[in-house]
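Written below as structure tokens is the structure these notes are about.
Predicted, not measured: the structure shown is a model, and the values here were computed from it. Index from 1, following the sequence.
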Amino acid sequence: MPQGQPTVVPDDGLTTRQRRNRPLVLVHTGVGKGKSTAAFGLALRAWNQSWPVGVFQFVKSAKWRVGEERALRVLGESGEGGTVAWHKMGEGWSWLQRSQQDAITSEEAAREGWEQVKRDLAAETYRLYVLDEFAYPMHWGWVDTDEVVSVLRDRPGTQHVVITGRNAPQKLLDFADLVTDMSKVKHPMDAGQKGQRGIEW
């Protein structure tokens, strides 16, 4: 299986194994389709390695039933790979009581989601975190980008974090280990076609 060879070997005092197993921050941004899809592909790989996976969906409506959610929930409950926990801001974070959920705005809900991510990072709850559409709360100023970078820089253990969403702040891009900018060359919506089952959800 191809493993990829780095073009440079930094003089950082790490062994090849230490450098290879270093926890990463990945960002999928840009106007093109596929940012979340790619992140959920990483979640599948993490599940296969028996890593606990935590998915935090910021912004997206609770009414959206994406195929990746069902597939990863089923896999997480199968007992064959890692566990999968799925949290959606749109339907109220699972750790909040119903009365709390009804009273908070989207901005407050985004902040509460980030606070839970911080708690989970400190506790090393998951090995892979998918912070889906989390670039938006930073872009809108709901969550402080400097704080996000600081928390991610100081996270313990070997926790990988992937953040998706358009308009990811430059400070996050500068800090991240891997940044992919999904550009759009062509899309069916440009020709008036709406999203369809199996492709968009």
Working to the nearest 0.5 angstrom, can you tell me the gap between [X] [atom1] and [Y] [atom2]?
X	Y	atom1	atom2	answer
Leu128	Leu42	CG	CG	6.5 Å
Phe56	Tyr126	CZ	OH	5.0 Å
Gln57	Ser36	CD	OG	7.0 Å

If I compare all heavy atoms of [X] with all of [Y], which pair ends up nearest, and what's the gap?
X	Y	answer
Gly157	Pro23	O-CG, 3.6 Å
Gly165	Ala135	O-CB, 3.5 Å
Ala46	Val53	CB-CG2, 3.8 Å
Ala109	Met89	CB-CG, 3.6 Å
Pro156	Ala122	CG-O, 4.1 Å

Counting C-beta onward and ignoring hydrogens, is there a side-chain heavy-atom pair between [X] and [Y] closer than 4.5 Å?
X	Y	answer
Leu172	Val27	yes
Val162	His28	yes
Val31	Met182	no
Arg22	Asp177	yes
Leu75	Glu80	no
Leu121	Tyr129	yes
Val84	Arg73	no
Gln159	Glu124	yes

- Item | Derivation of the side chain to side chain donor-acceptor pair (under 3.5 Å) call for Asp132 and Thr164 | CA-CA 5 Å; Asp132 190 35; Thr164 72; 2.7 Å; yes

Could you tell me whether a side-chain N or O of [X] sits under 3.5 Å from a main-chain N or O of [Y], the two making a donor and an acceptor?
X	Y	answer
Lys184	Lys33	no
Trp47	Gly82	yes
Glu108	Thr105	yes

- Query: How far apart are the C-alpha atoms of Glu112 and Arg119, what are their side-chain angles, what is the distance that settles it, and do they pass the salt bridge (charged side-chain N to carboxylate O under 4.0 Å, His left out) test?
  - Reply: CA-CA 11 Å; Glu112 177 53 40; Arg119 290 188 289 267; 2.8 Å; yes

- Message: Are Val143 and Leu173 linked, directly or through intermediate hydrophobic residues, by side-chain heavy-atom contacts shorter than 4.5 Å (ILVMFWY only)?
- Response: yes

- Task: Answer with yes or no whether the hydrophobic clustering places Leu24 together with Leu178; edges join I, L, V, M, F, W, Y residues whose side-chain heavy atoms lie under 4.5 Å apart.
- Result: yes

- Message: I'd like to know whether the aromatic ring centres of Phe40 and Trp86 sit less than 6.0 Å apart in this structure.
- Response: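 Under 6.0 Å, so yes.
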
- Message: Whether Lys35 and Glu133 form a salt bridge (side-chain N of Lys/Arg under 4.0 Å from carboxylate O of Asp/Glu) is what I want to check.
- Response: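 Looking at Lys35 together with Glu133, the answer is no, because their closest N to O distance does not fall below 4.0 Å.
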
- Message: Quick one, Arg155 with Val161, criterion side chain to side chain contact (heavy atoms under 4.5 Å, CB included). Give me CA distance, side-chain angles, the key distance, then yes/no.
- Response: CA-CA 10 Å; Arg155 71 195 186 282; Val161 180; 4.1 Å; yes

- Query: Do the rings of Trp51 and His160 sit parallel, tilted or perpendicular, given the 30° and 60° boundaries?
  - Reply: parallel

- Query: Which of parallel (below 30°), tilted (30 to 60°) and perpendicular (above 60°) describes Tyr136 and Trp140?
  - Reply: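 Plane angle between 30° and 60°, so tilted.
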
- Stepwise side chain to side chain contact (heavy atoms under 4.5 Å, CB included) test for Thr158 and Asn21: CA-CA 8 Å; Thr158 54; Asn21 295 325; 5.9 Å; no

Return a table of donor-acceptor pairs under 3.5 angstrom between the side chains of residues 144-154 and protein atoms on other chains or two or more places apart.
unit_1	atom_1	unit_2	atom_2	d
Asp144	OD2	Asp146	N	3.4
Asp144	OD2	Glu147	N	2.8
Asp146	OD1	Lys171	NZ	3.0
Asp146	OD2	Lys171	NZ	3.3
Glu147	OE1	Trp114	NE1	3.3
Glu147	OE2	Lys118	NZ	2.6

- Task: Check the pair Arg111, Glu107 against salt bridge (charged side-chain N to carboxylate O under 4.0 Å, His left out), reporting the backbone distance first and the verdict last.
- Result: CA-CA 6 Å; Arg111 285 196 192 116; Glu107 182 174 348; 2.4 Å; yes

- Which is it for Gln49 and Arg127 under the side chain to side chain contact (heavy atoms under 4.5 Å, CB included) test, yes or no, and what are the steps along the way? CA-CA 10 Å; Gln49 294 297 326; Arg127 184 81 187 272; over 6 Å; no

- Item | Check: Arg166/Thr29 side-chain N/O donor and acceptor closer than 3.5 Å | no

